[in-house]
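One structure is given below, encoded as C-alpha cells.
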There are 2 protein chains.
Amino acid sequence: MRVNGKPFRTIWLSPDPLIVQIIDQRHLPHEFIVEDLVTVDDFARAIKEMHVRGAGLIGATAGYAMYAATLAAPEDGSQSYLDQAAKTLLATRPTAKNLAWAIDRQQRAIAHETSLAAKRARALAVASEIADEDAEFCRRIGEHGLSIIQQISEAKGGRPVNVLTHCNAGWLAFVDYGSATAPIYAAQRAGIPVHVWVDETRPWLQGSRLTAWELGQEGVPHTLIPDNTGGHLMQHGMVDLVIVGTDRTTRTGDVANKIGTYLKALAAHDNQVPFYVALPSSTFDWQIRDGVREIPIEERSDTEIKFVSGQAKSGNIETVLIAPESTSGANYGFDVTPARLITGLITERGITPAHEADILALYPENR
Amino acid sequence: MRVNGKPFRTIWLSPDPLIVQIIDQRHLPHEFIVEDLVTVDDFARAIKEMHVRGAGLIGATAGYAMYAATLAAPEDGSQSYLDQAAKTLLATRPTAKNLAWAIDRQQRAIAHETSLAAKRARALAVASEIADEDAEFCRRIGEHGLSIIQQISEAKGGRPVNVLTHCNAGWLAFVDYGSATAPIYAAQRAGIPVHVWVDETRPWLQGSRLTAWELGQEGVPHTLIPDNTGGHLMQHGMVDLVIVGTDRTTRTGDVANKIGTYLKALAAHDNQVPFYVALPSSTFDWQIRDGVREIPIEERSDTEIKFVSGQAKSGNIETVLIAPESTSGANYGFDVTPARLITGLITERGITPAHEADILALYPENR
C-alpha cells in the first residue's frame, strides 16, 4: 500500500541479498524509518520489541529470519544452529500462531536440502513465498469481504458504511492489504463510500499510531476513538459492522486478538451489529478447540501502560509517565472472543460461520 | 481521605470566607496543587476544564459557586445576576445530574431570603450542607456496600476480593470517601483483604491519574489495567465484582457513567460477575425513564484523545501527540448502561435492584 503516494510492503529483501528491510513501526506515525535486519538476533528483537507486529507480518518476518539463520549457520552443525534459531524466534511472541507456522514451514522445506548452499537458496525461496502468499491471501480476503460491505451499502442507499476496527489488522500487520482492512480498501477502490471508526488500542496504540496513519495515507475517511467508545456508538446505530483481525483462531472458531476485542464482540452482539474476523488460514491453530482455555496469552511489561511516547511540541519524541510511579500494571496482550459472538470469518477461501464443521468444509485438508 | 497521611476533602472554604479551595486534579498524580476559586467564572472554568470532576464534587462545586455568585451579586438586580450565574454553571457539563441538582437546591434556598446579606449567609450554609451531605451519603454507601464485599470474602475463605472499577468514583469525585470506592475503603478499614483492578479510563485517564493515586495514598492494593483488559480478567475468574459510579441515573435504573462502563457491564453479565453502581441519590434524574434515548452525552475536544500529558524524564509535565496530526477523533464522555445489566444500586439508603419499583420503594418521595 502507499506511503506518501509510493507503494510499499512491510518487509522486503534489500538489493543486497544478505539484508532484509522492514518498516520500524515503533516510530510511526511521526517518523517513517526503514530498518536493516541481518542476524537472527536482529529478527528476534524486531519481533519481540514490536518493530514489526501483526499476525501475517510476524509470520513473514519469521520466514526471512530462518533464511538469515541459514546465512549465518556454520557448514558443520548447521542443523543445530537452525534449531536454536527456531527456538529463539518461537519464544518472542507466545500468542501469534503465524510465528510457529512460518518457522515450521521453513524447517520442513530446509530439511529436504542436503548442502548448506541449497538450504540457503531454498530458505530464501520459501521466505519470499510466505510473503507473497500473505499478500495474495489478504488481497483475496478483501475480495470476499467486499461483498459484505457492498450489501450493507446497498441497504443504506449508498450512505457511507461505518466499519469499526480494533488494533491494526491493516497492511502494516501483514505484508500488504491487511486482513481487516482489505475489504475496506477493496470497497474504497470499488467506489463504495466507507468510514472507519478506529479504536486507539491501548496500551500500545496500534490504532492511533498505525491504523489511522495507513487509512490516512490511502485517503480512507476515518475517526479515531478511545477503546471505550464502541459500545456507545453501536447503541446509537453508528456502526454498521465490525471487522477485526486475529493472532490465533481455533478449529472451532474461537478468536484470540488484541486485548479488548472480546468487549467489542459483546457490544456488537448486544446491538445486532455484524461482527467479522478476517484472517489468512495461516492463523488457524488446527490443534485446539477451546480458545479461552488453550490459547496462551502473552503478558508484557507494565511500562507500556505507565508510559506513553509521542511527539512533543519541540518535535522530539518524548516518553511521559501517566500514572503514579509506585503503581503496578497488568498488561495482557490478547483476549479470546468465543465463536458464539462471531458472525463470520473472512478467509482467503471465502466467508464461513465460526463453526468447526463450516470451517472444515472450507479447509477439508485439516479434517 | 489521606494525602501524604494528612486528611483532606476535595473542596473547602478557606480561612478567608471569600475564597473556596479545591485540589486541581489536572496535575495529579504528579503534583498536588490547591487552587483558589473566587469568581463564578473561576468555578465554571474549574468544572468545565476538569480541575474538579466526578458526580458529587461537581455538585458540591456548583453549590459553592452559587455562594460565590451571591458575594459578587450587585445590591440592585441580584436575582438576574444569580440567574445568569446559574445558567453559566449549568452549561459547563451537560451529562452530570448533580450539577443541576445543586444549582436548583441553592436557587430555591436563596429565593426565600430577601436581603442580599441573608442570601449570602443562606448560600454559604447550603453550600456547606451539600458538601457535608455528600460526604455523609458516601460514608453510608460504604457501609451498605461493605456487606457485599464481606459476603464474597467469606465465600472465598478470606482470599482477597478482586474489585474492578472504571474511571474515578473515588473520594476525588466526591467530597470524601467516594461512591464506588467507599465500600472498598470500608472493607480495608474492616480488615477484609481487597484488591482493585483499576481501569486507566481513556481518554482523560481518571483511573491511572486519580484512582490509582488515591488507592495508593490509602494503602489499598491495586493493579492498573488498560480499559481493554476487564473482559479477559472476567473470563478467567479474576474479578469478583465490579463497582462503578454514575453521573446520572434514570428512575428506571439506567446508568450514565464514564464512556466504556457499558462494555464492562456486558462482560460482567457474560461471565456472571456481579455489577454494582454506587450513587448518592442526588445523581438520580427522576424525570426520565430511558437512559439511552434521554440522557444527553457530552462531547469533548479530540485533543484529549490525540494528546497525552505526563511527566517527562526531566520531571517537567510534557504533552505529546500520539496520533497522526491530520486524524480527527470523536470524544464522547459517557455511555449508558441499561438497567438489565446491573446487579444492584448501592445508595445512601441501602442496596436496591435497578428497577423502578424497587428504587421508588427506597425513595417513595419521588413516586
Side-chain angles (χ1 to χ4, degrees), chain A residues 29-30 197-198 200-203 205 208-209 212-213 216 222-233 235-236 258-264 266-267 269-270 292 297 302 305-313 317-332 334-336, chain B residues 29-30 197-198 200-203 205 208-209 212-213 216 222-233 235-236 258-264 266-267 269-270 292 297 302 305-313 317-332 334-336:
Chain A
H30 309 298
W197 296 107
V198 178
E200 64 174 10
T201 318
R202 285 283 293 153
L205 296 165
S208 32
R209 288 184 168 158
W213 181 79
H222 63 280
T223 305
L224 185 64
I225 49 173
D227 302 310
N228 286 321
T229 309
H232 171 76
L233 297 178
Q235 280 180 320
H236 290 270
K258 184 52 56 197
I259 190 88
T261 301
Y262 167 52
L263 297 172
K264 293 303 137 61
L266 286 167
H269 191 256
D270 201 45
V292 174
I297 299 296
D302 70 354
I305 303 171
K306 292 174 64 182
F307 294 88
V308 170
S309 294
Q311 192 169 44
K313 270 191 201 118
I317 302 304
E318 290 263 10
T319 299
V320 298
L321 172 69
I322 55 171
E325 199 142 21
S326 59
T327 286
S328 298
N331 186 6
Y332 297 90
F334 304 88
D335 63 17
V336 173
Chain B
H30 309 298
W197 296 108
V198 179
E200 64 174 10
T201 318
R202 286 281 294 151
L205 295 165
S208 33
R209 288 184 168 159
W213 180 80
H222 63 281
T223 305
L224 184 63
I225 49 173
D227 302 310
N228 286 322
T229 310
H232 172 76
L233 298 178
Q235 280 181 321
H236 290 270
K258 182 53 56 197
I259 190 90
T261 301
Y262 166 53
L263 296 172
K264 294 302 137 61
L266 286 167
H269 191 257
D270 200 45
V292 174
I297 301 298
D302 71 355
I305 303 171
K306 291 175 64 182
F307 294 88
V308 170
S309 293
Q311 192 169 43
K313 271 191 199 117
I317 302 302
E318 290 263 11
T319 299
V320 297
L321 172 68
I322 55 170
E325 200 143 22
S326 58
T327 287
S328 299
N331 187 5
Y332 296 90
F334 305 88
D335 63 17
V336 173

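In what follows, every chain begins at residue 1, and chains take the letters A, B, ... in the order their sequences are listed.
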- Side-chain heavy atoms of Lys264(B) within contact of Leu263(A), under 4.5 Å: yes

Using non-hydrogen atoms only, which part of [X] is less than 4.5 Å away from chain A: side chain, backbone, both, or neither?
X	result
Thr261(B)	neither
Ile297(B)	side chain
Ile322(B)	both
Thr319(B)	backbone

- Message: Can you confirm whether the side chains of Tyr262(A) and Asp270(B) place a donor and an acceptor under 3.5 Å from each other?
- Response: yes

If you round to the nearest 0.5 Å, how far is [atom2] of [Y] from [atom1] of [X]?
X	Y	atom1	atom2	result
Ile225(B)	Asn331(A)	CD1	CG	11.0 Å
Thr223(B)	Asp302(A)	OG1	CG	9.5 Å
Asp227(A)	Asn228(B)	CG	CG	4.0 Å
Leu224(B)	Thr327(A)	CG	OG1	6.5 Å
Arg202(B)	Thr201(A)	CZ	OG1	11.0 Å

Sort [X] into side chain, backbone, both or neither according to what part of it lies under 4.5 angstrom from a heavy atom of chain B.
X	result
His30(A)	side chain
Phe307(A)	neither
Ile305(A)	both
Glu318(A)	both
Pro29(A)	side chain
Ser328(A)	backbone

For the candidates [options], which exhibits the highest count of non-hydrogen atom pairs separated by less than 4.5 Å from chain B?
options	answer
Val198(A), Val292(A), Leu205(A), Val308(A)	Val292(A)
Val336(A), Ile317(A), Asp335(A), Ile259(A)	Ile259(A)
Gly216(A), Ser309(A), Ala212(A)	Ala212(A)

- Note on the structure: Assert top hit (heavy-atom pairs under 4.5 Å, partner chain A, pool Pro324(B), Ser326(B), Gly231(B)) equals Pro324(B)

- Message: I need the residue from His269(B), His222(B), Arg209(B) with the largest number of non-hydrogen atom pairs under 4.5 Å to chain A.
- Response: His222(B)

- His236(B), NE2: over 12 other non-hydrogen atoms inside 6.0 angstrom: yes

- Give the C-alpha distance, both sets of side-chain angles, the deciding distance and a yes or no for side chain to side chain contact (heavy atoms under 4.5 Å, CB included) between Leu233(B) and Tyr332(A). CA-CA 9 Å; Leu233(B) 298 178; Tyr332(A) 297 90; 3.8 Å; yes

